[in-house]
Structure formats: C-alpha cells, structure tokens
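Quick note on labels: first sequence line is chain A, next is B, and so on, each numbered from 1.
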Amino acid sequence: MSDVLRIENLGHSYGKFKVIEDISLSIGKGEMSALIGPNGAGKTTFYNAISGHFPPTKGKVFLNGEEITGLTSHKVVDKGMCRSFQITNIFSELTVLENVIAPLIIQRGKHFKIYGNIFKDKQIVDSAMQTLEQVGLSDRADQVVANLAYGDKRLVEMAIVLARKPSVVLLDEPTAGMNPEETENMIALIKKLATGSGTTFFITEHDMKVVFSLAEKIYVLHQGHLLAQGSPEQIRSNEQVQEAYLGRKVHA
Amino acid sequence: MEIFLLNTLNGLSWGMLLFLIAVGLTTVFGVLGVLNFAHGSLFMLGAYLCMQTMQFFDSFWLGLLIGPLCAVVVGLLIEKYLLKKVYDRDVSYQLLLTFAVLLILDDAVRMIWGSGYHVVEPPEILSGIVAIAGQDYPVYRLFLILIGPVIGGLLWAFFHYTKWGKIIRAASFDNIMAEGVGINVPLIYTSVFALGTWLAAVGGALAAPQQSLIPSMGEKIIIESFIVVVVGGMGSFPGAFVGALLLGLLESFGTVFAGRMQMAIPYILLAVILLVKPNGLFRKGV
Amino acid sequence: MKLLRNRWFGPAVLTVLLLLAPLLISTYSTMILSEILIMGLMAISFNLLLGYTGLLSFGQGAFFGLGGYCAALMLQAGYQNLFLLLLVGMLISLLAALVVGFFSVRLDEIFFAMITLGFGMLFFSVAHNWLDVTGGSDGLPVFVLPSLNLFGTELTFYDPLNMYYLVFSIVLVGVVLLWLIVHSPFGLILKAMRENKQRVSFVGGNVQLLRIVAFAISGAFTGLAGVLFCLFNSMATPEFMHWSFSAKPVIMSIIGGTGVFLGPLFGAGIFFLLEQVIILFTENWMLFLGIVLVPIVIFFPQGVFGTLRNKIFREGAK
C-alpha cells in the first residue's frame with residue numbers, strides 16, 4: 001500500500017461516447033509523473049473525473065489507500081489532492097496573500113468563523129508566506145492579483161494549490177501560454193518543489209520538452225486508452241507512441 | 001365539462017399573449033444576453049400607441065400595424081443609446097439599466113395619457129360573442145388563440161428558412177463565432193432588439209381590446225414573462241411557447257382550484273421548474 | 001488629505017454627524033433620516049450578497065417584510081419587549097432565508113435573481129391573501145409601540161426624535177456586526193467565491209453551504225431592518241415583500257457602489273435625497289429617478305461613492 005494515488009479501470013462516457021476507458025495506474029509517494037497525449041485524448045476529462053469535477057461513470061480512485069471515487073471537489077481536496085487548471089483559476093481581485101490564505105482558512109476549518117482578523121493569525125500568515133516564498137512571490141504579497149503579469153498569475157495558482165500542503169498535486173498544463181523564459185522558470189520551480197518534499201506530482205503537458213525534462217514516469221493517453229507507460233527513455237523509443245503522435249501530425 | 005372548456009379557452013388566449021411577449025424577451029436574451037426589465041413597458045407602449053393611431057385613423061387594424069412600428073422606433077433608441085453601453089457589464093447593471101428604462105417609460109406614458117383607464121374596442125368583425133358550451137364567449141379571445149400560433153409560426157419560419165433568421169440563431173449560440181465568419185454583430189443586436197420590441201408591442205396592441213389600458217399594465221406582465229422565459233429555458237423559442245401556454249392554463253384553472261392563492265401559482269411554477277430543471281424545460285445544460 | 005485617507009476618519013465623522021443631525025434639522029428631515037438609516041441597513045445586508053458574495057438577490061423584500069410582520073403580530077398580541085421584537089424578527093427572517101437559500105444558491109447570476117424574485121413574490125402572495133393573519137392588502141397596523149426603560153427613564157418612541165435615536169442605535173449595531181463579518185475569515189472566503197467559486201470548491205470549500213450561510217445572515221439583518229421599519233411606520237404591509245420593494249436595495253447599492261462597505265448606505269441617502277428634491281417640483285418622481293439612474297449605471301461602474309472613494313484612495317482597495 002505504498003501507492004499514493006491508485007486508479008482502477010477508470011472510464012467516463014457521455015451517453016454512448018466513451019471519452020476515456022479502462023485506465024489503471026498507480027503512483028508512488030514522491031513520484032513525479034506526467035500524462036501526455038494528443039489533443040482530445042481525454043487528459044482533461046481524466047483529471048476532472050479523478051478530482052471531483054464530476055464523478056466518473058466507471059472505475060475507482062484511491063488516495064492514500066482510501067477510496068475517493070465520486071467525492072465532490074471540496075472533499076477530494078480535504079483528502080489531500082489539489083489541482084490546477086489549464087486556464088488560470090485564481091481570485092483576481094484579491095491580493096496575492098489573500099489568494100493563499102483562503103485555502104488555509106478552509107483547511108483549518110475557519111471558513112465559517114464570522115469574526116476576527118485572519119491576518120493576525122500568525123500561524124496562517126506564516127504558512128501562507130512560506131508558500132509564497134517557495135514560488136517566489138513573497139515580495140508581491142500585497143499586490144492585487146489582477147495587476148500581475150501572466151506568468152506571475154500562474155505562480156499564484158501554483159501557490160493556491162500548494163497552500164494546503166496536499167499529498168498529491170495535479171497540474172493541468174502548468175506552462176500553457178507561457179513564453180520560453182517563464183516556461184524555464186516553471187520547470188525549475190516544479191523540480192525544486194518536488195525534490196525531497198515527499199509531495200507527489202502528476203502533470204499533463206503537451207510540451208514534450210517540459211515532460212521529458214521533468215517526469216520520472218510517463219503515461220501516454222491515446223483516444224481515451226492508456227497506450228503506454230514507462231520511463232522517459234522507454235516512452236521515447238516506443239513505436240506505438242511515435243505512431244500515435246506522428247499519425248496526428250500527418251493528419252494535422 | 002363546460003367549465004373545463006371555458007377555462008381551457010381562457011388559458012389559451014392568455015397564454016398566446018404571454019407567448020408573444022415572452023418570445024421577444026427570450027430572443028433578446030438569447031442573442032444580446034440581456035434580460036430586459038423594460039420589455040413589459042414596451043408591451044404597454046404598444047397598447048397605448050395602438051390606441052392613439054386608432055383614434056387618428058379610426059381603424060383597429062391600422063392601429064395594430066402602425067402602433068407597434070412607432071414602439072420599435074423607441075426600442076431602437078433604447079438599444080443604440082443605452083443598452084449598447086452595458087453589454088459587457090455585470091448582470092446587475094443590465095437589470096438596473098433596463099429597470100430605469102421601465103421607470104421612465106411608465107411615467108412618461110402616465111404624463112402623456114394620464115393614469116386613468118382607457119378602453120379600446122375590438123374591431124367590429126371580432127366584437128361579437130359566440131355560444132360555447134352554453135355560455136357567451138367573446139369572439140376576440142378566439143381570435144387571440146388563432147393569431148398566437150400564426151405569428152409564432154411565421155417567426156419560426158423566419159428563424160429557420162431565411163438568411164437573417166439563421167444568422168440570428170447562430171449569433172445566439174456563439175457571438176465570437178459569428179464575428180469570426182464576418183457577421184456584423186452590432187447590427188444583429190440592434191435588429192434583434194427591434195424585433196423583440198415589435199413582438200412586445202404587437203402583444204400590447206392585441207391585448208388592448210381585451211383588457212383596460214393603464215400605465216402599470218407592463219409591470220404586471222413583465223414578471224410573468226420572466227417566469228415563462230425561465231421556465232421554458234432562457235433563449236429557447238419552443239420553451240417560450242410551451243412555458244406561456246403552461247402558465248396561461250395554470251392561471252386559468254388556478255381560479256377554480258386555488259381560489260385566492262391563485263396569485264402564487266406562477267411563482268410556485270417557477271420555483272419547482274428551477275429546482276427540477278435549473279436550465280428550464282428546453283435548454284440543455286452547458 | 002492625509003486625514004482623509006485614514007480608514008477610520010470617514011466612519012467617525014459620519015457617526016458624529018448622524019448623532020448631531022437631529023439637533024440641526026427639522027422633525028420632517030429627522031424622519032427621512034431614520035428611513036435612510038433603515039433602508040441603508042437593508043442595502044448593506046443585501047450587498048453582503050451582491051458586493052461580497054457575487055449573488056444578485058431580487059427577493060430581499062421577503063425578509064424585510066417577515067421582520068415587519070413579526071413585529072406587528074407580536075405587538076398586536078401584546079408582546080412589548082423591544083429586544084424580544086428585534087430578536088424574534090431577526091430569527092424568523094434567518095430561518096426563512098435558510099430555506100429560500102437552500103433552494104436558490106445552486107443557481108447563479110440571472111437565474112439566482114429570478115428564483116429569489118419568485119420566492120419573494122411567493123411571500124408577497126401569502127401576505128396579500130392570508131387575510132386572517134396579515135390583514136391582506138391593507139396590512140397590519142401597530143397601535144402601541146414598545147417603550148424602553150433606560151437608566152430608570154421610560155422612553156417612548158412616539159416622538160420622532162426618540163424613534164430616530166432608536167433607529168440610529170440599532171442600525172449602528174447592525175452595521176458594525178456586518179463590518180465584522182465582512183472582515184472575518186468567512187468574509188474573505190465570500191470575496192473569494194465572488195471572484196471564483198470553482199476555485200473555492202477546488203481548495204476545499206463547500207460553496208453551496210457557504211452561500212446558504214451568507215444568504216441567511218443577509219436575510220437576518222434584512223429582517224432586523226424590517227422590524228425597525230414596522231416600528232417607524234407603525235405598519236407592516238405586503239408591499240414590503242413586492243419585487244419593486246426588493247429592487248430598492250439593488251438600486252441603492254449600485255448608486256452607492258457595491259465594492260465599498262458603506263457604499264449602499266450612501267446610496268440610500270442619495271436615493272431619498274433625490275426623492276425629496278424631485279417631488280418638490282413634479283409628481284413624476286419615477287421618471288426622474290430613471291433619468292438619474294441611467295447615467296449612474298453607465299458612467300459610474302463603481303457607484304458614486306465608490307468612484308469618489310477610489311479617487312481619494314487611488315488604488316481601489318477592497
């Protein structure tokens with residue numbers, strides 16, 4: 001039972017149309033894995049089905065040995081899995097600090113406390129500042145997020161996801177829309193966060209450079225099925241995978 | 001049995017009027033994304049302008065033709081000078097702006113025509129009564145029951161068989177797509193608002209011989225039209241039809257089985273539908 | 001200018017002005033000021049939903065009316081304790097808001113506005129037609145107002161001046177409580193939901209439950225305003241529950257500015273001042289209200305007070 005995240009025969013369909021089918025995988029503690037696949041392979045559906053966006057129509061999901069299949073999103077977070085989104089998903093009109101404090105308020109069960117000043121709670125503020133330090137935003141804690149540059153907004157989302165110190169972090173295309181420099185920084189950041197923290201990272205990416213420079217293990221999704229899994233070298237040399245990707249290039 | 005028949009007829013004639021008003025409201029919402037609080041006032045304006053033109057020409061039919069067209073001019077001004085400025089704003093601002101237009105129109109009509117009742121006689125050919133189920137029944141209501149589907153059918157044909165109708169339907173699905181394929185979106189917005197205004201005003205003109213004209217007649221009908229539009233599914237044409245008939249019949253039969261609490265029926269219908277089908281009867285979830 | 005930027009300066013001046021105002025203005029104006037304060041409390045409670053949680057409720061009149069009817073019924077039944085009236089009025093409104101909220105909060109935007117409008121009108125229909133209890137369209141009159149024993153002096157509220165200070169004290173308490181709520185951890189989560197409810201859900205917040213609580217709190221304080229208005233008006237009528245009454249806090253909040261805590265109170269002041277000025281020279285006050293509202297909605301996206309305040313504070317701190 002050393003698997004942090006285990007998925008058994010997961011499937012999701014809309015009516016007769018099966019978006020993903022029969023996906024099984026298990027990820028160990030502290031691993032850094034990636035899910036790749038051409039557009040429309042079902043990556044986002046897979047993420048949504050395991051993170052509580054909607055319940056999957058088939059299969060089971062276990063987090064730290066406990067079944068979380070079909071739990072609503074906020075309960076999945078309570079169990080220790082937190083995710084980011086392809087399109088930046090943050091609290092625009094709040095400050096950077098407030099963005100990180102909100103998840104902490106909820107984690108400590110203070111979200112129904114209707115009196116008191118949360119900024120005087122040293123534990124929470126320290127914890128939030130520590131997370132901001134990790135992603136490199138501590139000097140901008142008091143700025144309103146809407147005024148930040150795009151790359152920094154992505155960092156804010158990263159900080160929101162990390163704030164509660166989840167055991168599993170799902171990142172949906174963390175470098176989407178970033179320029180090369182911002183992408184470099186994001187890769188470096190994820191590497192730094194992963195080393196020695198014991199946090200399990202599971203990312204989706206379409207940028208192969210990002211995937212191969214980050215992941216220890218890669219899962220390939222193709223037309224809703226798990227086509228292959230293995231180390232970056234194994235995936236690189238896998239003919240089926242090449243075909244799937246090359247095939248797509250020819251058609252596109 | 002007689003009571004059943006009479007209530008059905010009453011419900012249908014009221015439902016058809018509601019349909020004309022709601023279909024304009026729902027089309028405007030579908031394309032412009034604005035729920036127009038002043039839609040009922042345009043209905044009221046249509047009734048008054050019909051009455052006024054009738055007095056000029058001494059013909060209900062000319063009133064029915066010209067009155068609503070005058071209301072369309074007012075509608076065009078509202079769209080061009082007011083609504084245009086809030087398309088990208090929050091719902092609350094759109095509601096409040098159209099609410100302000102409602103206040104202005106209602107009070108302006110009160111200033112021009114006074115706050116008292118006005119009566120419009122139906123045209124001679126429709127003014128009689130016929131015996132139905134042993135009761136005298138006004139011919140004009142039967143006329144309303146017929147005219148509703150006629151206008152509805154024409155509108156449906158317009159949306160499905162003409163280029164403009166198809167463009168409007170496309171725009172109501174996806175504005176950006178419409179812009180992408182080179183459709184003039186601002187022009188569509190203006191035309192759709194004009195169409196919505198015309199439908200409301202025709203509803204008002206048709207309602208004029210059936211109910212007394214007072215400046216507050218729009219305020220009463222706007223809430224019921226909201227309910228029809230939400231129950232049917234916002235932006236849905238068939239939804240407006242089914243919703244309007246459903247509400248018309250429920251209210252008509254409500255006088256029989258609910259007594260004084262008949263007044264609560266539309267709101268109960270609204271609450272029940274929104275809870276069971278949050279997107280309304282004819283709108284698929286996003 | 002430096003003093004102006006101190007966050008406590010404005011509220012302090014306002015409190016002092018409101019305390020002294022009745023000594024400087026006519027009895028009639030004092031009564032208008034009482035009404036402004038009551039409607040201001042209603043508008044600030046409403047803005048807890050619109051400005052802080054991002055929910056446009058178009059049925060707040062229901063809770064205002066419930067508070068009013070509660071007070072009128074209790075007074076008719078002989079309950080004279082002022083604090084009991086205020087407490088029960090708040091409690092009943094809170095319970096009703098819990099029920100309405102439970103059914104409504106799963107909807108958003110215009111759908112939320114419509115279902116709350118529907119529920120509000122449902123309450124209106126009941127108040128309008130349940131003759132035995134509510135007196136129907138005539139409403140429920142109040143003949144005997146409660147009195148208050150303050151340090152051995154028996155205070156009655158038939159005098160508009162005493163009524164004003166009663167209203168002022170209760171509204172002050174209500175507004176301070178709402179201020180504390182807005183600046184609490186719960187308040188921060190409300191703002192987060194306004195910005196992005198999906199995100200709140202994906203950091204572990206139960207959005208539905210949080211919204212229900214916000215709706216109930218708003219309803220309770222709206223009910224408190226309703227009790228006060230019933231005392232002030234010596235009457236509870238179904239009109240309190242009508243959608244056109246529910247539109248008032250919407251108008252006031254948007255005039256004043258939904259992004260500023262005291263904006264709606266300011267909006268209530270502008271609303272009544274406008275009314276007083278306009279009825280001096282015309283009967284058609286609605287027409288002119290409409291004409292004034294149009295440019296406010298179009299040109300003051302943060303409301304009059306909000307726009308002015310942002311000019312002073314430069315950055316639009318929330």
Kindly compute the distance separating [atom1] ([X]) from [atom2] ([Y]), expressed to the nearest 0.5 Å.
X: A:H111; Y: C:S184; atom1: NE2; atom2: OG; answer: 12.0 Å
X: C:I189; Y: A:E98; atom1: CD1; atom2: CD; answer: 10.0 Å
X: C:R194; Y: A:L94; atom1: CZ; atom2: CG; answer: 6.5 Å

Taking atom [atom1] of [X] as the centre, does the number of heavy atoms from other residues, nucleotides or ligands within less than 6.0 Å exceed 12?
X: C:F102; atom1: CZ; answer: no
X: A:K192; atom1: NZ; answer: yes
X: C:E109; atom1: CD; answer: no
X: A:Y115; atom1: OH; answer: no
X: A:K79; atom1: NZ; answer: no
X: A:K165; atom1: NZ; answer: yes

- Task: Test A:I160 against C:F202 for side-chain contact (heavy atoms from CB on, under 4.5 Å), laying out the working first.
- Result: CA-CA 10 Å; A:I160 293 175; C:F202 276 94; over 6 Å; no

- Between A:R83 and chain C, which part of the residue has a heavy atom less than 4.5 Å away: side chain, backbone, both or neither? both

- Task: With a 4.5 angstrom heavy-atom cut-off, could you sort out which part of A:V161 is near chain C: side chain, backbone, both or neither?
- Result: side chain

- chain A contact via C:I217 - side chain, backbone, both or neither, heavy atoms under 4.5 Å: side chain

- So what's closer than 4.5 Å to chain A heavy atoms on C:V200: side chain, backbone, both or neither? both

- Message: A:S92 vs C:E195, test: side-chain contact (heavy atoms from CB on, under 4.5 Å). Steps then yes/no.
- Response: CA-CA 6 Å; A:S92 287; C:E195 291 302 314; 3.7 Å; yes

So, for [X] and [Y], which heavy atoms are closest and what is the spacing to 0.1 Å?
X: A:K113; Y: C:P185; result: O-CD, 3.5 Å
X: A:P103; Y: C:V203; result: CB-CB, 3.8 Å
X: A:F91; Y: C:A192; result: CD2-O, 3.3 Å
X: A:E157; Y: C:R199; result: OE2-NH2, 2.8 Å

- Walk me through it: do A:F112 and C:L210 pass the test side-chain contact (heavy atoms from CB on, under 4.5 Å)? CA-CA 8 Å; A:F112 287 108; C:L210 284 158; 3.6 Å; yes

- Residue pair C:N206, A:T72: steps toward the side-chain contact (heavy atoms from CB on, under 4.5 Å) verdict: CA-CA 9 Å; C:N206 185 339; A:T72 49; over 6 Å; no

- Message: Out of A:G52, A:P166, A:C82, A:G116, return the one with the most heavy atom pairs under 4.5 angstrom to chain C.
- Response: A:G116

- Query: Based on non-hydrogen pairs under 4.5 Å, which of A:I90, A:T95, A:N117 is most in contact with chain C?
  - Reply: A:I90

- Comparing C:L180, C:L209, C:V207, C:L177 against chain A, the one with the most heavy-atom pairs below 4.5 Å turns out to be C:L209

- Note on the structure: The single option from A:I114, A:I118, A:I105 that satisfies side chain to side chain contact (heavy atoms under 4.5 Å, CB included) with C:F186 is A:I114

- Task: Answer yes when A:E93 and C:K191 have at least one side-chain N-carboxylate O distance shorter than 4.0 Å, and no when they do not.
- Result: no

